[in-house]
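When a ligand or atom number is given, it counts from 1 through the structure's own listing order.
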Amino acid sequence: MGDRHSSPLSWVVLYAVIAAAAAAYFAVLCEGGSSSTFVRKVECSVDMPLDSDVFAIPPGYNAPQQVHITQGDHDGKAMIVTWVTMDKPGSSKVRYGESEDDLGFSVNGKHTRYKFYNYTSGYIHNCVLANLKYDTKYYYEVGSRHTGRKFWFRTPPEVGLDIPYTFGVIGDLGQTYDSNRTLTHYQNNPKVGQTVLYVGDLSYADDYPDHDNVRWDTWGRFTERSIAYQPWIWTTGNHEIDFAPELNETMPFKPYTHRYYVPYKASGSTRPFWYSIKRASAYIIVLSSYSAYGTYTPQNNWLLEELPKVNRCETPWLIVLMHSPWYNSYDSHYMEGESMRVMFEALFVKYKVDIVFSGHVHAYERSERISNIAYNISNGQCTPVPDPSAPVYIIIGDGGNIEGLATSMKEPQPDYSAYREASFGHGIFDIKNRTHAHFGWYRNQDSYSVEADAVWFYNRVWYPVDEWIISTI
Ligand SMILES: [Fe+2]
């Protein structure tokens, strides 16, 4: 028969064990975020010169260039193909098929061009390949016979609950030597991204005198080596606005909207700056930081109608893309996303958004799962708090553009910030099934497979437990 009255010594031991366990537990729970100690080589980002090989014009008179593709419908059974011819319109036809030697299908598209101050664009063609089969490799050719150029892409699997899919995540790329390293690293990543989620700021042409639109063309040629083969999902950033009244250019987003098409009408949007797509097991909502989003505006109305439509039994992963981040602890662009956060954050929590990717800040940062939605002006509750229904916010505006890194951070590191580092790089969001996805961030200085930051994500609807506490203990 046991002794009901333990000795004082055993109580001391028990208390010590409990205290040690509690200390370890709260050390995990209460541990502040970390700022990387990685030491970068400090150097300016320099744009690649116009005669760089990555900007080379394809051979042949009026040969198609700047070929790029993006999803062309809501479900992933269509692809928009866009390219530019410089000398004359030429053909807007795309020939395509499942065999490289038998491009038995064809579709005619349209072309357009635009003027921007003293620049006149080439002929920008776009064509929608519709009613494609899921999970199928298609070859396609653009241009006329003697200068036709062939590429290929793979359509996504049919939308469904446990469909694995791998997204690359890139932002603020520009066209420097660092941009080239980022793109090369992404293309060589052994995890092999199938589609890029691009979080805005493309060419940085507006950093040049008169917004030199030649730099839109060079960016199109530079990125073709990826975007001609896999879709990039576009988000608009501030460098797409190109609002220049001093040049008598007052139509915002003019170069961008002529060059980059998105399937916004398929999701009931009325403008190409906010829209949604489904792809495999992900539902992706793209928002515009630079279009009105207040109550009664088109974007606000659209989002209010959009979020209830997301069926997590069909697409378990709910991802939002926007350019300007809501949670940022760098001095760069600090609080620029605050007004949109005030408008939409409660909705993101209500509908259990899994992850929000943004750019704008030229660095990397991952937040805790937090929200800041209790404040009502009079109650003083204006601090971000842990919230299992809230998204994780990832800033990945570290593509490598000419403006350089954002190195100045708020100190001490705010509690909402889990990890931050001012280095160029890219991300991979790798969905495994309805419950698990893995995110890795890859800095350019490492070899292709090194994850400088890596976390497992647990789906907010199907497995809503706290990722970091469970994975750490
Ligand atoms: Fe930006």
(request) Assert yes or no for the condition that the ring centre distance of Trp274 to Tyr264 is strictly below 6.0 Å. (result)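 Centroid separation for Trp274 and Tyr264: 6.0 Å or greater.
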
(message) Check this for me, if you would: do Glu314 and Arg434 make a salt bridge, where the nitrogen-to-carboxylate-oxygen distance has to be below 4.0 angstrom?
(response) no

(request) Quick one: report the N, O or S atom of His360 that is nearest to the Fe ion (ligand 1). (result)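 Distance check against the Fe ion (ligand 1) picks out ND1 in His360.
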
(message) For the Fe ion (ligand 1), give me the closest N/O/S atom belonging to Asp201, just the atom name.
(response)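 This turns out to be OD2.
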
(message) Using the rule side chain to side chain contact (heavy atoms under 4.5 Å, CB included), only one of Tyr186, Trp232, Tyr204 pairs with Leu173; which is it?
(response) Trp232

(message) Tell me whether the NZ or CZ atom of Lys410 lies within the 45° cone about the ring axis of Tyr330 and under 6.0 Å from its centre.
(response)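 So Lys410 doesn't make the cation-pi contact.
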
(request) Specify whether an N/O/S atom of His323 falls short of 2.8 Å from the Fe ion (ligand 1). (result) yes

(request) Please find out if the Fe ion (ligand 1) and some N, O or S atom of Asn238 are separated by less than 2.8 Å. (result)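 True for Asn238.
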
